[in-house]
Every structure is written in structure tokens, then in C-alpha cells.
Trainee: 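Pasting a structure here, questions to come.
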There are 2 protein chains.
Amino acid sequence: MKPTIRDVAKMAEVSISTVSRVMNAPETVVESKRNRVIEAIQTLQYQPNAFARGLIYKKSFTLGLLIPDIENLYFAGVIRGMQDACIKLGYSLMICNTDRDKERLLSYIDAFHEKQVDGIVFASDVLYPEYYEKLVGCRIPFVLVSSHSDEYDIPCVEIDDEVAAYDAVKFLIELGHKQIGMIGFNHDNSISGPPRYDGFVRALNEFGLEHNMEKIKFANHRFEHAYQAAHELFTEYPDITAVFCVADEFAMGTISYLKDRNIHVPGQVSVVGFDNLRMSTMFIPKLTTIAQPIYELGYRAAEKIHELLSTGSVKVKREKMEHKLIVRESSREK
Amino acid sequence: MKPTIRDVAKMAEVSISTVSRVMNAPETVVESKRNRVIEAIQTLQYQPNAFARGLIYKKSFTLGLLIPDIENLYFAGVIRGMQDACIKLGYSLMICNTDRDKERLLSYIDAFHEKQVDGIVFASDVLYPEYYEKLVGCRIPFVLVSSHSDEYDIPCVEIDDEVAAYDAVKFLIELGHKQIGMIGFNHDNSISGPPRYDGFVRALNEFGLEHNMEKIKFANHRFEHAYQAAHELFTEYPDITAVFCVADEFAMGTISYLKDRNIHVPGQVSVVGFDNLRMSTMFIPKLTTIAQPIYELGYRAAEKIHELLSTGSVKVKREKMEHKLIVRESSREK
DNA sequence: TCCTTTTTAGAAAACCTTTTCAAGGTGATT
DNA sequence: AATCACCTTGAAAAGGTTTTCTAAAAAGGA
């Protein structure tokens with residue numbers, strides 16, 4: 001049986017109140033007793049019971065993180081950042097991978113509710129009304145990371161997807177490309193799909209390249225879909241010389257397709273990705289891409305939910321972090 | 001304030017015992033009251049408090065998972081498998097990423113202890129005495145996944161690394177390669193380093209290729225290290241035509257190096273990886289590799305800790321799962 | 001020395017749930 | 001009609017901790 005505060009009290013020959021005080025307000029206990037208690041705690045390897053504590057504090061000192069796809073390296077970075085922040089702030093972290101499954105997500109919220117997590121970070125996914133209703137029903141505060149909501153007024157941390165996409169496309173244009181395609185996220189099940197599309201469109205408009213407006217295919221988060229989308233794009237528009245991909249994984253899928261078609265990247269076609277995953281430097285060719293401050297996004301999200309929990313509100317509701325274009329080997333002047 | 005069982009009882013005009021019974025043994029409550037209670041639960045969005053429950057059951061219905069590197073896609077698979085098993089078995093999962101840091105790992109064990117996790121799965125890492133001592137000190141049962149311990153008698157689930165490595169090297173030999181190198185894990189901070197090395201050596205011995213015995217460089221888990229190791233390997237032994245890499249990430253590092261040196265894979269050098277990560281089909285060329293049943297390893301690990309928790313012991317202590325060589329594009333006949 | 005103030009420590013209540021125990025009520029059996 | 005068994009329900013204890021309240025002891029002042 002795990003030792004309880006009673007066992008410690010008995011061994012140190014004091015009351016349980018004194019033991020509790022040694023742990024929570026040591027200065028109120030005389031040194032001799034304090035030392036006896038500390039010694040007893042160590043020999044018994046006593047660890048206070050989080051259940052009993054939680055019952056009193058009505059806090060679990062635990063945060064929940066909901067991510068859509070653990071096999072996407074993007075979230076590894078978010079997790080690392082968030083976990084580091086949690087350590088700093090004294091929280092434990094409960095990570096749940098929804099595999100983009102609504103039912104599963106909803107049942108994870110139930111689990112969070114039951115486990116009384118103090119707050120939830122919701123990553124990169126559309127905040128559907130069902131989610132929102134459930135979350136507020138559970139009275140669990142939450143923030144969004146790499147996401148936002150126009151419908152509801154929820155704190156969030158993200159980059160400016162529209163500007164980032166614009167920057168990427170502008171870069172391709174300034175490289176001299178005139179025939180530019182895009183592989184984007186479906187608009188109905190992604191949060192960054194529309195703004196990145198908007199950025200693409202704005203760049204085309206600004207540089208008088210409206211004839212590319214149709215050269216878009218949408219894919220569903222994964223390599224294989226991007227490969228397929230690239231196939232459709234290049235079958236329909238064989239004269240494309242540059243592709244803006246809204247994810248590094250899409251860029252890899254596109255490049256793989258081009259490779260299979262014996263089209264050289266960046267010799268014949270330039271490709272720029274998005275995210276700057278660790279993979280983007282491992283891939284051949286190394287990807288030109290928009291770098292997101294992934295780790296920092298996770299870190300800030302944790303800080304933000306902490307701010308919300310401890311002060312009841314957040315200073316800046318919609319927080320933007322900086323992106324950066326990183327030029328590597330998958331792009332070249334036309 | 002979150003509603004408690006009292007609020008439900010009051011709304012349904014029954015005692016709290018009845019509410020509890022509706023949740024835990026519905027058939028013992030007459031239908032009319034039961035329905036009233038169920039209705040009250042729904043309108044209040046009542047969720048029983050896991051703290052109070054844990055206090056009584058002395059169980060948290062939570063498992064802990066310790067992984068060394070969340071940025072390694074290998075663990076994404078383990079997590080998915082384990083999470084699915086947890087859902088089936090009624091556990092929540094607490095994932096902690098140690099970044100291969102001893103201190104951090106130890107402090108995560110403390111956190112697990114305090115949160116009263118029922119059991120821990122320890123992934124792919126050496127079970128150092130400090131870890132072992134701490135774990136038994138906390139009286140938390142645990143199992144190993146993709147790992148084992150010769151020193152201590154701990155249940156584990158893994159593949160047969162020695163045989164898997166042997167199979168990979170044998171494959172290269174049967175392709176006609178005579179000059180074979182290897183990029184391995186350091187033996188002192190990896191669990192699969194030694195057996196995979198042994199498999200390499202056994203294959204060489206068996207086919208009379210002992211002259212390759214020295215053609216080994218060790219790397220430290222990451223792409224960059226493998227790139228560097230490949231550099232050393234090929235500088236020292238420029239006539240190598242095949243490389244056995246003990247991780248897909250090493251294979252990618254090696255291939256990147258060769259690419260930079262303008263050595264064609266598989267034209268001039270064959271490379272085989274290990275793990276069959278999702279990346280191995282995204283890389284160019286697609287990797288020939290040893291497939292581990294990663295998802296299943298995670299799944300089995302959860303089942304195993306559950307077995308240990310519910311029956312007090314485990315039927316097969318050291319469990320081996322099947323690996324499989326998958327031939328793709330990074331290898332070719334000599 | 002005696003009274004007041006401060007410091008220290010123990011007893012008990014509270015947090016929320018499950019479960020045991022006992023009691024009241026119903027229906028069936030004799 | 002009386003007894004018995006069973007079904008249904010509520011009261012109360014238990015689980016481990018923190019915290020409030022109270023009491024005792026120590027320290028300080030007159």
C-alpha cells in the first residue's frame with residue numbers, strides 16, 4: 001500500500017496537520033519537528049495523493065491538448081513547446097490524438113471533463129459548434145493554437161496564414177515564375193485553408209497573374225492526397241513551373257509525383273512548402289518553405305491558457321506570431 | 001461551479017446513493033427514478049468527479065507513457081497503438097516526452113506517482129538502475145516496449161532485433177554486395193544497438209564476409225549524426241556498395257550524404273533502413289527497410305500493462321512480435 | 001509574578017464519490 | 001392473516017488531504 005500522510009505522521013510522531021504544514025508552509029513548523037517529518041517523507045518515499053488534493057483545490061494542475069494527427073511532425077513541435085511550458089508552470093499534460101475523428105474528439109473532451117483538467121488547448125482544427133457547445137457545457141476554459149474562430153470569441157495563438165501564403169507566392173513570382181499552381185487544404189475541414197488561399201489570390205492579383213487563379217487542387221492533409229492532387233494539377237496544367245504547397249508534406253508529395261514523372265525539382269518546377277518541419281531539411285531536395293515558430297506556438301498556447309486560468313482573462317485575445325520564408329533547394333529562378 | 005452528485009440528487013429528488021447507483025448499477029433502481037436521474041444528469045451535464053472516485057477506487061484509470069523523442073515518427077505509431085488500446089480498455093493516457101534527458105525522465109516518474117497513474121509503459125530506452133529503483137520505490141507497475149532488460153525481470157514487448165538486423169544484412173548479401181557498411185546506434189545509450197550489431201556480425205560470419213566487420217560507424221539517433229557517420233564511413237571505406245542503417249532516419253541521412261557526394265542510390269550504393277516509418281515511403285528513393293509492427297507494439301504494451309494490473313502477473317514475460325523486410329527503391333542487385 | 005500576545009500544533013470539517021448496512025415496503029407463500 | 005424473502009432506498013462511513021478553529025505553550029511586557 002502506498003504510504004499516506006498518516007504513516008508519515010506516525011513515523012515522525014506528529015499530527016497529520018503538521019505533516020501537511022511541512023509540505024505547504026514549512027516556516028510555521030519548528031525545525032526539530034520539521035526535520036523529523038522531512039526524514040519520514042524521504043524514507044517512506046511519500047508522495048501526496050493527487051486525488052485528495054484535487055478534491056480540495058478543485059484543480060488538477062493538468063492541461064489537456066487535442067491534436068488532430070500525431071503522425072504529423074508539426075504536432076511534435078507543438079507538443080514539445082507546450083510540455084516545456086507546462087513544466088515551467090507546474091502543470092502536467094494530457095495529450096490526445098483525435099485522428100480527425102469527431103466522435104473521438106468529443107469523447108476525449110468527456111475524459112478531460114471527468115479528469116477535471118484545468119484547461120484545454122485545441123490545436124489546428126476547426127472549432128465546430130458541437131465542440132464549442134460541449135466545451136462550454138463542461139465549463140473548461142480553452143484556447144486555440146494554429147487556429148482561430150470567427151464565430152466564437154476564443155483566445156488563440158497562430159501565425160498570419162494569409163500573409164505567409166502571400167509571401168510564399170510573392171517569392172515564386174519574384175523568381176520569375178508566371179505559371180503558378182497551388183495545392184491547398186480543403187476549405188471545409190481545415191482552418192488555414194481559406195486564409196492561405198486568400199494569400200495566394202492576393203499575390204496573383206497584385207502582380208497581374210490572375211490567369212493562375214484556377215490552378216488549384218485541394219488535398220486532405222496527407223502525402224498521398226497531395227501526390228494525387230499534383231497529378232491532377234499537372235495533368236490539367238502541364239505548363240506550371242512553380243507550385244505553392246500549404247504544407248511540407250504536400251510539397252513532398254508534389255515533388256515525389258514530379259520525380260515519378262521525371263520532372264526535375266527545382267530545375268523544371270519550383271516547389272515551396274509550409275511549416276518547416278524537421279523533415280524539410282531531410283528531404284531531397286531540401287524544401288524551400290514558410291517556417292512557423294512551431295515550438296513557440298505550443299509554448300505560448302500553454303502560457304495563454306495559464307493566463308486565462310489564473311487571471312480569468314487574457315491580455316491579447318488573438319495573438320499572431322512571426323513566420324519566415326526559408327529558401328533551400330526546392331526553388332529556383334525561372 | 002461544476003455540478004456535483006448532490007445537485008443531481010436534488011434535482012431528481014432522490015438521495016445521492018440513488019444517483020450513484022444509476023451510474024454504476026442502473027438495474028437496481030426503479031425505472032421512474034432512474035429516468036428522473038438520467039434526465040437531471042443530462043440537463044446539468046454532470047460528470048462524476050474523478051478525484052473522489054480515485055480516492056475510493058485507489059485507481060486513476062490512467063496509464064503513463066514515457067518516450068525518448070516525440071520528434072521521431074516511430075513514437076507516433078507507438079502512441080497511436082497505445083491510445084487505441086487505452087480507449088478499448090478504459091484508460092486515459094498521459095504521454096511524456098523525455099528528450100532523452102535523465103533528470104526530466106525522473107521528474108516525470110514523480111509526476112506519474114503523484115497523479116497515481118496505474119501503470120507505466122517505458123519506450124525504447126535503456127532501463128538504468130536509477131529508473132528501476134525509482135519505479136519500484138513508487139510501487140508503480142511498468143512494462144517496456146521496444147526495449148528489454150537483462151538485469152531486471154520486467155515484462156516487455158519488442159521485435160527480435162538481432163534477427164531483424166541479420167535479415168536486413170543477409171538481404172544485402174544475397175543481392176550480391178560484398179562491401180557492406182553499417183550505421184548503428186551507440187551501444188551505451190541505446191537498447192537495440194547491441195543486438196542489431198550482433199545480427200550484422202552474424203550475417204557477415206555466416207557468409208564469409210568478415211572483412212566488413214570494421215565498417216561500422218555509430219550515430220546518435222538523429223539524421224544529422226547519421227549524415228556525419230556516413231561521411232566518415234565512406235571516407236574511410238570508399239568502396240562500400242551497401243549500407244545497413246539501424247533506423248530509417250539514418251538511412252535518410254546516409255542517402256542525403258551520398259546524394260551530396262553525387263553517389264547514386266541505389267545505382268551505386270544500396271541502403272536499407274529500419275522501422276518502416278511513414279517517411280520511408282515519402283522519401284526519394286522510397287526506402288527498403290525492416291518493418292516493425294509499431295502500432296501493434298504500442299497496442300500490445302497497453303494490453304500487457306493492463307494484464308499486469310488486473311491479474312498481478314503476465315503470461316509471457318518477454319514477448320516478441322514479427323518484423324518483415326520490405327523491399328522498395330533504395331536497394332538493388334550488385 | 002501575572003497578564004497579554006504570539007507561536008506552534010492538534011482536532012475536526014470539508015471536498016465528492018462509492019459502498020455497506022439497515023430499514024421500509026412489496027409481493028408471495030403458507 | 002402472518003411470515004418470509006426480496007427489492008428499493010437512504011443514511012453514514014470511508015478514502016487522503018488541506019484548512020479553519022481552538023487550545024496549549026512560549027515569549028514578552030508591566
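Residue numbering restarts at 1 for every chain, and letters A, B, ... go by the order of the sequence lines.
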Trainee: Identify, with sequence neighbours excluded, every residue that meets ring-ring contact (aromatic ring centres under 6.0 Å, His included) alongside A/Phe61.
Mentor: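 Applying ring-ring contact (aromatic ring centres under 6.0 Å, His included) to A/Phe61 gives none.
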
Trainee: Using modelled atom types and a 3.5 Å cut-off, is there a donor and acceptor pairing between side-chain atoms of B/Arg318 and backbone atoms of B/Cys156?
Mentor: no

Trainee: Return the value, rounded to whole Å, for the distance between atom NZ of B/Lys59 and atom P of C/dT19.
Mentor: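 Distance check: B/Lys59 NZ to C/dT19 P gives 13 Å.
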
Trainee: At 4.0 Å (heavy atoms only), tell me whether B/Ser20 reaches a base, stays on the sugar-phosphate, or touches nothing.
Mentor: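 Since a base atom lies under 4.0 Å of B/Ser20, the category is base.
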
Trainee: Which listed nucleotide (D/dT18, D/dG16, D/dA11) is nearest to the side chain of B/Ser17?
Mentor: D/dA11

Trainee: Could you tell me the separation between the CD atom of B/Gln47 and the P atom of C/dT17, rounded to a whole number of Å?
Mentor: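 These atoms are roughly 10 Å apart.
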
Trainee: To the closest 0.5 Å, what do you measure between OG (B/Ser15) and NZ (B/Lys10)?
Mentor: 13.5 Å

Trainee: Between atom CD1 of A/Ile95 and atom CG of B/Leu93, what is the distance when rounded to the nearest 0.5 Å?
Mentor: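 The CD1 atom of A/Ile95 sits 8.5 Å away from the CG atom of B/Leu93.
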
Trainee: Counting side-chain heavy atoms from CB outward, which of D/dG15, D/dT19, D/dT17 is closest to B/Lys58?
Mentor: D/dG15

Trainee: Can you tell me the distance, in whole Å, between the NZ atom of B/Lys33 and the C1' atom of D/dC7?
Mentor: 12 Å

Trainee: Would you please indicate yes or no on a ring centroid separation below 6.0 angstrom for A/Phe51 and B/Phe51?
Mentor: no

Trainee: Can you figure out which of C/dC16, C/dG10, D/dT17 approaches the side chain of A/Arg53 most closely?
Mentor: D/dT17

Trainee: At 4.0 Å (heavy atoms only), tell me whether A/Tyr57 reaches a base, stays on the sugar-phosphate, or touches nothing.
Mentor: sugar-phosphate

Trainee: Could you check how far NZ of B/Lys2 sits from P of C/dC15, rounded to whole Å?
Mentor: 16 Å

Trainee: Let me know, please, whether B/Ala52 or B/Val30 comes out on the 5' side of the other along DNA chain D by nearest nucleotide.
Mentor: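 Its nearest nucleotide being more 5', the pick is B/Val30.
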
Trainee: Answer yes or no: does a side-chain N or O of A/Asn49 lie under 4.0 Å from OP1 or OP2 of D/dT17?
Mentor: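 Checking D/dT17 against A/Asn49, no side-chain N or O comes under 4.0 Å of OP1 or OP2.
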
Trainee: Roughly what angle, to 10°, lies between the helix axis at the start of the helix from C/dT1-D/dA30 to C/dT30-D/dA1 and the one at its end, five pairs per end?
Mentor: 50°

Trainee: Please report the interatomic distance CZ(B/Phe112) to CG(B/Leu63), rounded to the nearest 0.5 Å.
Mentor: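 Answer rounded to 0.5 Å: 9.5 Å.
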
Trainee: Please check if any side-chain donor atom of A/Tyr74 sits under 3.5 Å from a side-chain acceptor atom of A/Gln292, or the reverse.
Mentor: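 Indeed, the side chains of A/Tyr74 and A/Gln292 share at least one donor-acceptor pair under 3.5 Å.
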
Trainee: Does B/Glu39 have more than 12 heavy atoms from other residues, nucleotides or ligands lying within 6.0 Å of its CD?
Mentor: no

Trainee: In whole Å, I'd like the distance from the NZ atom of A/Lys10 to the C1' atom of D/dT17.
Mentor: 16 Å

Trainee: Nearest whole angstrom, please: distance from the P of C/dG10 to the CD1 of A/Ile16.
Mentor: 10 Å

Trainee: With DNA chain D as reference, determine whether B/Ile56 or B/Arg21 sits nearer its 5' end, using the nearest nucleotide of each.
Mentor: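 Comparing both residues, the 5'-ward one is B/Arg21.
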
Trainee: For A/Arg6 and D/dG16, give me the distance from atom CZ to atom P, rounded to whole Å.
Mentor: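 These atoms are roughly 7 Å apart.
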
Trainee: Ignoring the backbone of A/Val29, work out which of D/dT9, C/dA9, D/dT18 is nearest its side chain.
Mentor: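 Of the candidates, C/dA9 comes closest.
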
Trainee: What is the distance, to the nearest angstrom, from the CD atom on A/Gln116 to the P atom on C/dC15?
Mentor: 15 Å

Trainee: Please classify the nucleic acid contact of A/Thr18 as base, sugar-phosphate, or nothing, using heavy-atom distances under 4.0 Å.
Mentor: sugar-phosphate

